[in-house]
Every structure is written in C-alpha cells, then in structure tokens.
Amino acid sequence: MAVASSISSLFSTLKLHSHPSEPSLSASSKPHFYPLRKPTSSIPPSRLQGSPQLRLPLSRAKSSDEDGVDTSFFDDVNPEEEVPFEQVGPPEDYVPFPSFDELPPETEEQIAAAYEEIYGPAYSGMSILGNDIYVMDSKVKKTSGFGSKKKKEKVRDGFEERVVQVRRVTKVVKGGKQLSFRAIVIVGNKQGQVGVGVGKAKEVISAVEKSATNARRNLVTVPMTKNATFPHRADGDYGAAKVMLRPASPGTGVIAGGAVRIVLEMAGVENALGKQLGSKNPLNNARATVEAVAKMRHFKDVAAERGIPVEELWK
C-alpha cells in the first residue's frame with residue numbers, strides 16, 4: 001500500500017507539468033514528459049522600459065559593493081533612441097586666420113633674418129641681426145667626436161708670445177719612462193715688459209700654454225732711454241750662462257744671438273749689443289738676460305734715492 005500511494009503522488013505532480021492538449025494521466029496509461037519552458041511576456045520592450053511598475057528597482061540597478069561602480073545613471077537612458085549631434089560653433093570674437101596665399105609677400109631681409117635666427121650668421125659674411133660672423137653659433141658647434149674638446153681662447157692682454165725651444169723629456173719611474181714635452185716661451189709687450197717661462201705637459205700645445213702662463217707671472221720692467229736702448233751696461237749670469245749687455249747708438253739695431261736677441265726684441269729694445277759668455281743653454285741665457293736687465297736703473301731714480309740732482313752724478 002505504501003508503494004501504491006507513493007506512485008500516485010508522483011503521477012499527481014507530473015500532471016501539473018503536462019501539456020494542456022494531452023489528456024490527464026492515469027495509472028494504466030504511459031506518462032509523457034515535456035521539458036519546462038521559460039515563461040515569455042507579450043509586452044513590448046518599449047512598454048517595459050517606460051512603465052514604472054515593470055522597471056527594475058534602484059537597488060538592483062546599482063552594482064554590488066564588490067564592483068564599486070554605480071550604474072544608476074543608465075536607468076533613464078534608452079539605447080534605441082537616436083540622439084541628434086549638435087556641433088559647437090566658433091566663439092563670437094573669433095576671427096579666421098587668413099590663408100597662406102592671402103598673406104603679404106616677405107622681403108629678402110625678413111627671409112634672411114628668419115634664416116639667421118635658425119641657422120646662425122650666413123656664410124656670405126653678412127649679419128642681419130647684428131651677430132658676429134667670426135664666431136660660430138653654439139648650436140652648430142660639434143658636441144662629439146674629434147675636435148669636440150673645448151679650446152681655451154687666446155688671452156688678449158697686449159703681450160706677444162715667442163717659443164724659444166720645445167724639447168721632449170723623460171722621467172724614469174718604477175714602471176718605465178714617462179715622456180713629456182718642455183716648452184720655453186718668452187712674452188713681452190714691446191713697451192718695456194718681458195718675462196721668461198717654462199712649462200711641461202704630455203702635449204706640445206698644453207706645454208706652450210703652461211709656459212706662457214708662467215712667463216706672465218714673472219714679468220720684469222726694462223729701463224730704456226728715448227733712443228730705445230739701455231741706460232748703461234750690465235752683466236747677468238744664471239747657472240753656467242753669462243750674458244753681457246751694452247747700450248748702442250741709434251740705428252745700430254739689436255746685435256745679439258740666441259735667446260738674448262729674443263728677450264731684447266720682446267722687451268722693445270731697438271739698439272743694443274749682447275754677448276753670450278759660457279753656456280749655450282737657451283733657458284739659462286734667457287734667464288741671465290733677465291737678471292742683467294733687472295740690474296739696470298735710470299739715472300733720475302738713482303739721483304732721487306741719493307737726494308741729489310742728476311747733474312751731480314758725473315762730478
């Protein structure tokens with residue numbers, strides 16, 4: 001009896017889901033099973049969206065707290081509605097820019113000035129903007145490769161430089177020999193000031209620059225008369241080199257040789273006699289000449305130190 005009651009309850013449940021056209025099931029007939037269908041609505045989508053009764057509640061339109069995105073803005077938006085495009089017009093005070101053809105033609109000076117502002121002074125040697133045509137623009141200078149190292153500008157202080165000697169010297173160290181260059185340079189303004197300098201470096205140019213700087217630090221003043229000669233005779237020595245200097249009459253010129261002649265010419269002496277006695281080393285002879293010149297003094301300076309007039313020096 002229990003089995004029969006369970007079967008009858010099962011048939012009663014199947015009867016609820018049977019097709020309406022089929023007759024009711026009985027215990028003797030074979031049951032027919034139909035799949036469950038999703039109920040459909042005959043209401044159009046437009047009425048579903050517009051009717052407030054069928055609209056989804058705001059709580060369901062909003063996304064969950066896990067997403068963190070609020071989509072309630074799209075509740076009143078109809079995706080099938082056509083929205084007309086409204087183009088934004090220009091502002092009231094807008095003035096259209098004239099076309100290229102309507103602009104006035106540029107003059108040659110304006111074109112040259114614009115070219116010079118971009119690429120620097122022209123190669124023709126003329127500058128519209130007032131730039132120095134002998135100075136290359138920093139934008140055009142090489143920034144890499146050979147010759148990109150910044151070169152020091154030559155000092156323009158009125159002194160001329162004369163290289164007397166450049167020699168290659170070596171220094172013996174633990175690992176071998178270090179080669180370098182030694183330069184002797186004499187500087188002078190040909191107005192009574194002269195100096196001798198020495199410098200060493202691994203390159204000739206650097207050695208010459210060092211020696212010129214050293215010579216400017218050791219300047220001496222050469223006393224001269226109105227005839228561009230010495231006021232009196234003098235002798236100087238440096239090491240094994242000895243130099244003898246004598247004044248000369250106008251028109252004689254500088255009669256000397258080696259480093260003595262270069263020192264006198266850079267000092268501005270036009271009439272003088274010089275002789276090298278002893279060593280022929282150019283550095284020692286140049287320094288001996290400077291020592292002899294430093295001993296010379298004007299007669300008026302000596303008379304002022306003694307407190308007597310210049311005429312009494314020969315009494």
Side-chain angles (χ1 to χ4, degrees), residues 158-171 180-201 204 207-306 310 313-314:
F159 286 88
E160 298 182 8
E161 302 176 2
R162 185 80 64 85
V163 180
V164 177
Q165 186 186 55
V166 177
R167 292 184 60 182
R168 188 178 67 177
V169 295
T170 59
K171 178 182 178 180
S180 59
F181 295 92
R182 187 194 70 174
I184 304 173
V185 177
I186 299 175
V187 300
N189 59 356
K190 294 187 178 182
Q191 295 179 1
Q193 288 187 329
V194 67
V196 180
V198 183
K200 294 181 181 180
V204 178
V208 172
E209 292 178 355
K210 286 184 178 181
S211 57
T213 304
N214 181 255
R216 285 181 170 84
R217 295 175 180 174
N218 301 300
L219 293 175
V220 296
T221 302
V222 181
M224 291 185 294
T225 62
K226 61 181 180 180
N227 296 325
T229 186
F230 302 127
H232 57 85
R233 63 176 60 188
D235 298 334
D237 58 334
Y238 191 91
K242 296 181 181 180
V243 174
M244 178 182 62
L245 299 179
R246 298 290 184 267
S249 59
T252 305
V254 178
I255 301 177
V260 179
R261 183 184 185 90
I262 298 176
V263 172
L264 298 180
E265 288 180 353
M266 299 303 292
V269 180
E270 297 178 1
N271 304 299
L273 301 175
K275 180 65 177 177
Q276 296 180 2
L277 304 174
S279 175
K280 304 298 181 181
N281 190 332
L283 177 59
N284 290 343
N285 279 285
R287 288 179 172 174
T289 306
V290 172
E291 290 291 334
V293 168
K295 294 179 182 179
M296 297 181 182
R297 303 172 66 187
H298 283 291
F299 294 109
K300 58 181 180 180
D301 296 337
V302 177
E305 289 182 1
R306 295 182 183 181
V310 179
L313 291 175
W314 288 274

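Fair warning: this is a prediction, and the values are worked out from it, not measured in the lab.
Looking at every heavy atom in both residues, Asn284 comes nearest to Ala241 through CB-CB, 3.7 Å. Shown here for Pro223 and Pro231, the closest heavy-atom pair between the two residues is O-CD, 3.3 Å. Across all their heavy atoms, Gly236 and Ala292 have their closest contact at N-CB, 3.5 Å. Taking each heavy atom of Ser211 and Ala183 in turn, the nearest pair found is CB-O, 3.4 Å. The shortest heavy-atom contact between Ala272 and Ala248 is N-CB, 3.7 Å. Of all heavy-atom pairs spanning Val164 and Pro282, the tightest one is CG1-CB, 3.9 Å.
Here the straight-line distance linking atom OG1 of Thr289 with atom CG of Asp237 works out to 11.0 Å at 0.5 Å rounding. The structure places CZ of Arg287 at 8.0 Å from CG of Asn218, a figure rounded to the nearest 0.5 Å. If you take CG on Leu245 and CZ on Arg233, they are separated by 11.0 Å, rounding to the nearest 0.5 Å. We find the OG-CZ distance between Ser180 and Arg168 to be 10.0 Å, quoted to the nearest 0.5 Å. For the atom pair OG1 of Thr229 and CZ of Arg246, the computed distance is 12.0 Å after rounding to the nearest 0.5 Å. Here Met224 contributes atom CE and Phe230 contributes atom CZ; the two are 8.5 Å apart, rounded to the nearest 0.5 Å.
With sequence neighbours left out, the salt bridge (Lys or Arg N to Asp or Glu O under 4.0 Å) criterion links Lys275 to no other residue.
Gln165 places no side-chain N or O within donor-acceptor distance of the main-chain N or O of Leu283, the cut-off being under 3.5 Å. A donor-acceptor pair under 3.5 Å links the side-chain atoms of Asn214 to the main chain of Val198, judged by distance alone. Within the 3.5 Å criterion, the main-chain N or O of Asn281 finds a donor-acceptor partner in the side chain of Asn285.
Between Glu161 and Arg216 there is a salt bridge, with a side-chain nitrogen of the basic residue lying less than 4.0 Å from a carboxylate oxygen of the acidic one.
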In residues 294-304, what donor-acceptor pairs under 3.5 Å come from side-chain atoms, sequence neighbours left out?
unit_1	atom_1	unit_2	atom_2	d
Lys295	NZ	Asp235	O	3.0
Arg297	NH2	Glu305	OE1	2.4
Arg297	NH2	Glu305	OE2	2.4

For residues 263-271, which side-chain donor-acceptor pairs fall under 3.5 Å, sequence neighbours excluded?
unit_1	atom_1	unit_2	atom_2	d
Glu265	OE2	Arg261	NE	3.1
Asn271	OD1	Gly251	N	3.2
Asn271	OD1	Thr252	N	3.2
Asn271	OD1	Gly253	N	3.0
Asn271	ND2	Asn227	O	2.9

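Side chains of Glu291 and Val243 form no contact here, defined as non-hydrogen atoms less than 4.5 Å apart.
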Would you sort out whether Val194 and Val293 count as a side-chain contact (heavy atoms from CB on, under 4.5 Å), showing the intermediate values? CA-CA 10 Å; Val194 67; Val293 168; 5.5 Å; no

